[in-house]
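Below: the structure, in structure tokens.
We count ligands from 1, going down the list as the structure has it; atoms in each ligand are counted the same way.
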Amino acid sequence: MSFDLVLFGGTGDLAWRKLMPALFQAFRHRTLPEGGRIIAVARDDLSDEQYRSRIKSRFDCVELAKRPTPDEFARFAALLHYLRMDLSQTQDYQRLAQTLNARAADSVVMYVATAPSLFTNVCEQIAAVGLNGPGTRVVLEKPLGHDLRSNRAINDSLRRVLREEQVFRIDHYLGKPSVQNLFALRFGNALFEPLWRRETIANIQITIAEELGVETRGAFYDQTGALRDMVQNHALQLLCAIGMEPPINSGANAIRDEKLKVLQSLKPWTADTIGQHVIRGQYAAGNTQGQAMPGYLQEKGVAPGSNTETFVALRTEISNWRWAGVPFYIRTGKRLAGRDAHIVVNFHPVPHPIFRTPAGVANRLVIHLQPKDGLELHLLAQGAAQHQSEPALSQVHLNLDFEQRFGTERVGAYERLLLDVIAGRLNLFVRSDEQQEAWRWVEPILQHWQDDPVGPRPYAAGSWGPSAASAMIARDGYCWSEEV
Ligand code: BG6
């Protein structure tokens, strides 16, 4: 199958850090279909050769195992082309159309890795020169909008020029092998399904902790914040994967229909529940791994006195028969104690204990997403023989490490997602109604914060966030996984 992949923003950060390395890995793994062309588009005046040597210098800095040999690079570079374009100029799209029409590849992918403000214009211009035919797929990076209204406006204008099946809205968390495994755990095994409900599960906690701060993205992040950057998309997609009903098949729409129902069932917010169940924080100066770190307000690009949150912890519920009354906690933040994304499923204790057990300990399933990728099942067992009338149990863990088990067979999120777009597989991409529903749910929180003069609570860099996040969960009688 021949393909043309047009990369708008070809000299940008995403192309540089994620897309080109992912395309090279697919090439190395021989999963990138043969007969492809990668056409990087940007404003700079570069020849194909100049662009290739930029990419080569990028590859010289990636970790050794992912670096191409000179021969591999020469073969990969033959796929790379460069087209200078001013994205506001129709005649530049006409030149692009000539380049693409001259070859008429089976599949044409337009990856729009530009500033989000250009998304609709690029799509309209693509359509204006007739490049929106059924063989075209358009990939859009998040954020798609800033709130419900702007998201609707973008999706409405996309709908005027493209069919829904042509739009691939990326949430790179869905491409992570660990998230694939979450679907496999739930829908490829009969073991957990009977337990996956309110009768057996006490609460579920989703944590996406980052050790890094805002790095070079201060100006962007200051307009965005953790709720828009992580909760509206990545964390809610994880919540859907955990909470959804088994889809009727593995087709894209079957999966997306079930995810949509979860989003529609999320308990609506009131001013009271936002006040009690949503905690926002902002990192102050602190220490990460013994190294002094500046606070958020000292980061480059951040407005003085900014109220942007770098941490969110919240409690919600999925109001349906399976989950009614079960708290789902979400927590994400920058400059936390470590890079650690995991989901903890806490089961109820046994209904009638006949053994002594450590206080507050019951069965628990930990799904590690990153940096570790695996499953831990916490059970209770009796070690040495005991002679008391009420024997004591202690905790034991069944530990599965997927990285060790599957090793090099696994592919990175962007590699997987790029191959899916080229093949036209929509399973791991987000449909417009899902995205809209997620915006609808976060919107009251955004509005509440806008009117709240108090602002985010400070937390020290290198900590687990503001203590209010622990107090919030403690009110339900639970604690976060690291506090057990
Ligand atoms: C991005 C956010 O979507 O996800 C970043 O914009 C965040 O702020 C990143 O750092 C986290 O992704 P990962 O794959 O490193 O967990």
Less than 4.5 Å apart, side chain to side chain, heavy atoms only: is that true for Leu365 and His378? no
Is there a side-chain contact between Asn181 and His368 (heavy atoms, below 4.5 Å)? no
Please list, in number order, the atoms of ligand 1 under 4.0 Å from a heavy atom of His172. 1 (C), 3 (O), 4 (O), 12 (O), 13 (P), 14 (O)
Can you tell me how the ring of Phe59 sits relative to the ring of Phe24, calling it parallel under 30°, perpendicular over 60° and tilted otherwise? tilted
Looking only at protein heavy atoms, which one is nearest to atom 11 (C) of ligand 1, and what is the separation? Glu210 OE1, 3.8 Å
Gap separating the CD atom of Glu443 from the CG atom of Asn151, nearest 0.5 angstrom: 10.0 Å
For Gln370, the ligand 1 atoms with a heavy-atom partner under 4.0 Å come out as 13 (P), 16 (O)
His234: numbered ligand 1 atoms lying under 4.0 Å from its heavy atoms: 1 (C), 3 (O), 4 (O)
Using heavy atoms and a threshold below 4.0 Å, how should the contact between Tyr173 and ligand 1 be classified: side chain, backbone, both, or neither? side chain
In ligand 1, the atoms that come under 4.0 Å of a heavy atom of Lys176 are 13 (P), 14 (O), 16 (O)
Partner of Glu309 under side-chain contact (heavy atoms from CB on, under 4.5 Å), picked from Val231, Leu227, Ile279, is Leu227
How are the rings of Tyr478 and Tyr329 set relative to one another: parallel (under 30°), tilted (30 to 60°) or perpendicular (over 60°)? perpendicular
When distances are taken from atom 8 (O) of ligand 1, the protein heavy atom at minimum range is Asp229 OD2, 2.6 Å
Below 4.0 angstrom from a heavy atom of Lys334, which ligand 1 atoms are there? Numbered from 1 as shown, please. 5 (C), 7 (C), 8 (O), 10 (O)
